[in-house]
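Both counts, for ligands and for their atoms, begin at 1 and track the order of listing. These values consider heavy atoms only, across backbone and side chains, with no hydrogens, waters or symmetry-generated copies.
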Amino acid sequence: MARRFLKMHGLGNDFVVLDARDTPLSLTGAQARVLADRRFGVGCDQIIILEPPQSAGADVFMRILNPDGSESGACGNATRCVASLVAAEGMGRDRLTVETISGLLPAVRHADGLVTVDMGPARLDWRQIPLAEPADTLSLDVGAGPLSAPCAVNMGNPHAVFFVDDAEAVDLASWGPRLEHHTAFPQRANIEVATVVAPGRVRMRVWERGAGITLACGSGACATLVAAVRRGLTGRRAEIVMDGGVLTIEWRESDGHVLMTGPVATAFSGELDESLLSGPCP
Ligand SMILES: N[C@H](CCC[C@H](N)C(=O)O)C(=O)O
């Protein structure tokens, strides 16, 4: 049976969105790899599968698969896209909750089309990242090339944020994969390099776990803000400037939750040919 999809993105971090709420769908790692492949398949940074909510209070369950077939516990840019999609179904509903394997994420769609997601609490204990052994997550004894002493934050997925003098100058294609697979990270990690370019404004580039360099990373922007606050580099609200655009992030004092605000976009819709998920994989 052919299956329809939506191609959406948040600041150029792009997604193939499949709706499995009425017709169940489970993709093997190999199928995810071919679907996410930019030549053999549709191509995307993550595959997003909408499923019926599992918890009371949730409006939709969002499953997140990386192009390498691994599953992630968070995808901030996609959460905004899904929130906007489901809100539009609800005839003017602007508040809803997206569920992931990491928890419930309340979202609100604003009149200007921007979406704010409560990405939940920043998890900062070494066990929550997770790390292979006890460590101070404020500054890890981890490095490669010019990068060292990252701050580790879990936003439903693991991040290691390296502060540098010039984020543009970092050879992320070289150092990103080595750090993603560093032995300190038993579940690997998303790797951010960040430079505070002005008060309340941080330039960040990202090597995503299981995906590589992407134009933007919502959970990475959240992790970067939290790391910057912990290091005394910014206040609790800042703009994170990525290759694809800017997200506004706030680490709420009252409950430690991280709020992310940014745009969403739909590029096109289409239909997956049956052969795509049954044929030979690259
Ligand atoms: N692009 C996503 C992050 C994907 C994270 C994934 N690469 C992982 O394995 O954690 C975002 O906007 O938050």
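- Tested against Leu85 for a side chain to side chain contact (heavy atoms under 4.5 Å, CB included), the candidates Ile48, Leu96, Leu50 yield a single pass: Leu50.
- Regarding atom 7 (N) of ligand 1, its nearest protein heavy-atom neighbour is Arg209 O, 2.8 Å.
- Short contacts between ligand 1 and Asn13, defined as distances under 4.0 Å to a heavy atom of the residue, involve ligand atoms 1 (N), 2 (C), 11 (C), 12 (O).
- What sits closest to atom 8 (C) of ligand 1 on the protein, heavy atoms only, is Ser72 OG, 3.2 Å.
- Atom 2 (C) of ligand 1 has as its closest protein heavy atom Cys75 SG, 3.3 Å.
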Exercise. Any chance you could lay out the side chain to side chain donor-acceptor pair (under 3.5 Å) test for Thr214 and Asp45, step after step, and finish with the verdict?
Key: CA-CA 7 Å; Thr214 62; Asp45 290 335; 4.9 Å; no
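- Residue contacts with ligand 1 for Met155 are absent, since no atom lies close enough (heavy atoms, distance under 4.0 Å).
- Considering every non-hydrogen atom in both Asn77 and Gly218, the closest pair reads ND2-N, 3.2 Å.
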Evaluation steps, side chain to side chain donor-acceptor pair (under 3.5 Å), between Arg63 and Ser26: CA-CA 10 Å; Arg63 194 165 302 280; Ser26 83; over 6 Å; no
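- There is no path of hydrophobic side-chain contacts, each under 4.5 Å, that joins Leu114 to Leu11.
- Ion pairing of Asp37 with Arg39 is absent here, as no side-chain N (NZ or NE/NH1/NH2) approaches a carboxylate O to less than 4.0 Å.
- For Arg230, the CZ atom counts as densely surrounded, since its 6.0 Å shell holds more than 12 non-hydrogen atoms of other residues, nucleotides or ligands.
- At least one heavy atom of Cys217 sits less than 4.0 Å from an atom of ligand 1.
- The protein heavy atom nearest to atom 12 (O) of ligand 1 is Gly218 N, 2.7 Å.
- If you check each of Asn157, Asp68, Asn154, Thr79 against atom 5 (C) of ligand 1, the one with the closest non-hydrogen atom is Asn157.
- Electrostatic pairing of Arg38 and Asp14 counts as a salt bridge here, judged by a charged N lying under 4.0 Å from a carboxylate O.
- At a 4.0 Å cut-off, not a single heavy atom of Gly210 sits close enough to ligand 1 to count as contact.
- Once rounded to the nearest 0.5 Å, the distance linking CZ of Arg236 with CG of Leu259 reads 11.0 Å.
- For the pair Ala216 and ligand 1, the shortest N or O to N or O distance does not fall below 3.5 Å.
- The shortest heavy-atom distance from Thr214 to ligand 1 is not under 4.0 Å.
- Here CG of Leu35 is found 13.5 Å from CZ of Phe40. Values are rounded to the nearest 0.5 Å.
- Scanning the protein heavy atoms around atom 4 (C) of ligand 1, the nearest turns out to be Glu208 OE1, 3.2 Å.
- When heavy-atom distances to ligand 1 are checked against a 4.0 Å cut-off, Ala74 comes that close only through its backbone atoms N, CA, C and O.
- Ranked by closest heavy atom to atom 10 (O) of ligand 1, the top entry among Asn66, Asn190, Asp45, Asn77 is Asn190.
- With hydrogens left out, the protein atom closest to atom 13 (O) of ligand 1 is Ser219 OG, 2.6 Å, a heavy atom.
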